[in-house]
Amino acid sequence: MLNIDLKNFFDEFNYGRVRGYFLKNNYFSLNENICNLIAKIACYKNKLPQGSPCSPVITNLILLSLDRRLNQICKNSGCTYTRYADDITISTNKSIFPKKIISSYEENSITLGKKFINEIISSGFTLNEKKLGYMIQLIGKK
């Protein structure tokens with residue numbers, strides 16, 4: 001199991017990003033005034049506040065395309081992708097993680113696969129290296 005934390009998660013969703021999502025997303029097709037109003041209501045001090053009931057809903061909407069891309073990388077590698085807010089978990093039953101997910105692992109250092117990490121970075125996020133974790137559990141072994 002691999003745990004990844006996205007650094008300063010809610011801070012990355014500013015007024016412009018929230019407004020732009022609702023303005024450009026074809027499923028909503030909202031007029032500009034409504035998009036402005038939603039972003040004004042949802043954002044506090046130019047960011048989505050942690051603890052607001054609308055913040056996780058809006059971040060999930062905005063990150064749907066990132067989730068799909070990361071899920072596809074994981075699925076193609078025989079892994080399962082899960083995200084809850086800023087916490088991403090990748091799990092697999094394989095004895096080692098596929099190189100597309102973890103390109104290298106040393107005792108205290110994990111290097112994520114290039115395409116995987118590029119998807120995260122291109123979506124405007126950085127990793128919280130202090131919370132990057134890797135766990136191996138041997139099932140049925142004593």
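Heavy-atom basis, side chains included; hydrogens, waters and symmetry copies ignored.
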Requested in this report: Decide yes or no on side-chain contact (heavy atoms from CB on, under 4.5 Å) for I4 and D87, but give the supporting numbers first.
Outcome: CA-CA 6 Å; I4 301 167; D87 296 315; over 6 Å; no
Distance (rounded to the nearest 0.5 Å) between [X] [atom1] and [Y] [atom2]:
X	Y	atom1	atom2	value
K7	I120	NZ	CD1	14.0 Å
T111	K99	OG1	NZ	10.0 Å
K45	N14	NZ	CG	16.0 Å
F22	L37	CZ	CG	11.0 Å

Query raised in the report: Are I41 and I62 connected in the hydrophobic side-chain network, where two residues link if heavy atoms are under 4.5 Å apart?
Result: no
Query raised in the report: Are any side-chain N or O atoms of D86 and backbone N or O atoms of D5, one a donor and one an acceptor, separated by less than 3.5 Å?
Result: no
Query raised in the report: Under 3.5 Å, side chain of N8 to main-chain N/O of D11, donor-acceptor pair present?
Result: no
Which heavy atom of [X] sits nearest a heavy atom of [Y], and at what distance?
X	Y	answer
Y81	N71	CB-OD1, 3.6 Å
S123	R69	OG-NH2, 3.1 Å
I90	F116	CD1-CZ, 3.9 Å
L66	E119	CD1-O, 3.4 Å
S77	P98	O-CG, 3.0 Å
G124	E12	O-OE1, 3.2 Å

Side-chain contact, heavy-atom cut-off 4.5 Å: [X] with [Y]?
X	Y	value
I38	L30	yes
L2	I101	yes
L70	I88	yes
L48	T59	yes
T80	T92	no
N3	K131	no

Requested in this report: List the steps, then state whether side-chain contact (heavy atoms from CB on, under 4.5 Å) holds for Y21 with R19.
Outcome: CA-CA 5 Å; Y21 172 79; R19 178 188 173 278; over 6 Å; no
Query raised in the report: Does a donor on one side chain and an acceptor on the other come within less than 3.5 Å for Q72 and N76?
Result: yes
Query raised in the report: Strictly by modelled atom types, are T89 and R83 linked by a side-chain donor-acceptor pair under 3.5 Å?
Result: no
**Report entry** Enclosure of F28 CZ (heavy-atom neighbours >12, cutoff 6.0 Å)
**Finding:** yes
Query raised in the report: Can you say whether the rings of F125 and F13 are parallel (under 30°), tilted (30 to 60°) or perpendicular (over 60°)?
Result: tilted
Requested in this report: Decide yes or no on side-chain contact (heavy atoms from CB on, under 4.5 Å) for L112 and L127, but give the supporting numbers first.
Outcome: CA-CA 10 Å; L112 298 178; L127 299 182; 3.5 Å; yes
Requested in this report: Pick out which of L23, L61, I58 makes a side-chain contact (heavy atoms from CB on, under 4.5 Å) with V18.
Outcome: I58
Query raised in the report: Quick one: which of S52, C43, S55 gives a side-chain contact (heavy atoms from CB on, under 4.5 Å) with F10?
Result: S55
